[in-house]
2 protein chains.
Amino acid sequence: MEKQRKRAPSARSLQTKARILDAAEQIFAERGFEGASMRDIAKLAEVQVGLVHHHGGGKKELFHQTVTRRADELAALRLDGLEALKQSGEVSLRGLLDVFMRAYVTLTQTGGVQWHHYGRLVAHVSADPRWRPLAAQCFDPTATRFIDEILALYPKAERQAAATGQVYSVAAMLAFLNTGWRIEALSPGAAEAQVDQLIDFCTAGMEAILTPKTQ
Amino acid sequence: MEKQRKRAPSARSLQTKARILDAAEQIFAERGFEGASMRDIAKLAEVQVGLVHHHGGGKKELFHQTVTRRADELAALRLDGLEALKQSGEVSLRGLLDVFMRAYVTLTQTGGVQWHHYGRLVAHVSADPRWRPLAAQCFDPTATRFIDEILALYPKAERQAAATGQVYSVAAMLAFLNTGWRIEALSPGAAEAQVDQLIDFCTAGMEAILTPKTQ
DNA sequence: GTCTATATGTAGATAGAC
DNA sequence: GTCTATCTACATATAGAC
């Protein structure tokens, strides 16, 4: 259970680092990279400023760690869902977009504050061209995987169209996450209806640009 | 209310202020509010730092001025287009979204660097909840106007659905503007095709959430 | 209106004691 | 690993000469 590499990670140390990453996640999500300060992160994590540098390795490196920490978990969530969908034999465009979005959206809205912060953090990463390489590393492999599946359903569509639709869908999803609606405040049924609406929008839009205009 | 009628705006002064706002537009667009510095803005505008304060009235006020400067022009562009569309008698959902997006998108892509910067600046404003009041002041009136027209076309649709679709459409549009495709680098025909594709996506998505599921 | 000089605060980062 | 103290740089903002 307990990891022991060199000397002693000392459960306390791991716990401290986790607290720092949690704090960084929140501050970065709220104020962006430039707007966040190491001091505010340290204060929220209830540690000294030097410790944030020690565990984070500088502000930029800390930001990278914060983003990548949950990226694998998110990718696994999506790819597992994709695998389950394919084995069900009922692969459809809507089913693919549902798998890609629903678990993530639900998690960021009702899966605890940290995932909520992570949702906003991802919005920053996706919006700022400066983080393009980081975003590519974290999210492109999974996105490409889904685009492949979509193209298998629409053999005559061009890859550019599917990729464009994916970009628009992600943009709509991030808008949904960051528009400030805390859907958890609604009734559970209403929350699901909101997600359904998002998926309806993206499915219809995607299908429109996948099928030849000369309908 | 009115601008200084006291002495003389002195063409040179107006020119200087315009240069400062142009520089601010570019720097804010590239690095966001926190990432931008008054020094960098001054340097790009080729003036002294004090002058940026003098004309801008502090960093926050300068940001507001930069955003609002072109907002009226943009609103007029859209409302004129809406008026023309209504007088043509051929109002459709696609027509409305076309009016709302095409002129703006084309302008930010081929209307000169300053409009290109402004497109990215608007993306920052739209993404950050801190600028919500500013965004509301600049863009909500026009957006509400278009939502009204959409609801007139779909009497049975709920206002929430139209507003949600509008948010997703704007998100897709901003993604289009900021994904880095310089469509001006493409052939003119290809550029128009890209915009058509964006409008296709939004029209289909919007229609999907405006019509009752149990169709 | 424009420039020089400066006031004042805070940022990221590090050294060294414990 | 953790904390205290500090270095250095740069931020916004302003005062006053011209």
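Chain naming here is simple, since letters A, B, ... match the order of the sequence lines and numbering starts at 1 in each. These figures come from a predicted structure and were not determined experimentally. Just so it is clear, the values below take in all heavy atoms, side chains as well, and ignore hydrogens, waters and symmetry mates.
Aromatic ring pairs are classed by plane angle as parallel below 30°, tilted from 30° to 60° and perpendicular above 60°; the pair A:Y168 and B:F201 is perpendicular.
Remark: C1' of C:dC3 and NE2 of B:H55 are 12 Å apart, rounded to the nearest angstrom. Rounded to whole angstrom, the span from the CE atom of A:M38 across to the P atom of D:dA11 amounts to 18 Å. A:K17 has its NZ atom 15 Å from the C1' atom of D:dT2, to the nearest Å. One interatomic measurement links the two molecules: CZ of A:F33 to C1' of C:dG12, which rounds to 10 Å at whole-angstrom precision. The distance from atom CD of B:E34 to atom C1' of C:dT10 is 13 Å, rounded to the nearest whole Å. Atom CG in A:L51 sits about 18 Å away from atom P in C:dC18, given to the nearest Å. Distance NZ (B:K59) to P (D:dA11): 9 Å, rounded to an integer number of Å. Atom pair A:R12:CZ and D:dT2:P shows a separation of 5 Å (rounding to whole Å applied).
Dashed line: the shortest gap from a side-chain N or O of A:T16 to OP1 or OP2 of D:dT2 is under 4.0 Å. OP1 and OP2 of C:dC3 both lie 4.0 Å or more from every side-chain N or O belonging to B:H54. Remark: A:S10 is not in phosphate contact with D:dG1, judged by side-chain N or O atoms under 4.0 Å from OP1 or OP2.
In this structure, A:R39 reaches the bases: a heavy-atom distance under 4.0 Å links it to at least one base atom across the strands shown. Within 4.0 Å (heavy atoms only), B:A42 reaches no atom of the nucleic acid at all.
Between A:F176 and B:T164 the shortest side-chain heavy-atom distance does not fall below 4.5 Å.
Taking the side chain of B:H53 as heavy atoms from C-beta on, and the options D:dT2, C:dA13, D:dT14, the nearest nucleotide is D:dT14. Closest approach to the B:V47 side chain among C:dC3, D:dC3, D:dG1 is made by C:dC3 (side chain taken as heavy atoms from C-beta onward).
Inspection of the B:E25 and B:Q65 side chains reveals no N or O donor paired with an N or O acceptor under 3.5 Å. A donor atom on one side chain and an acceptor atom on the other are found under 3.5 Å apart for A:Q160 and B:Q197. Under 3.5 Å, the side chains of A:D200 and A:T203 contain no donor-acceptor pair of N or O atoms.
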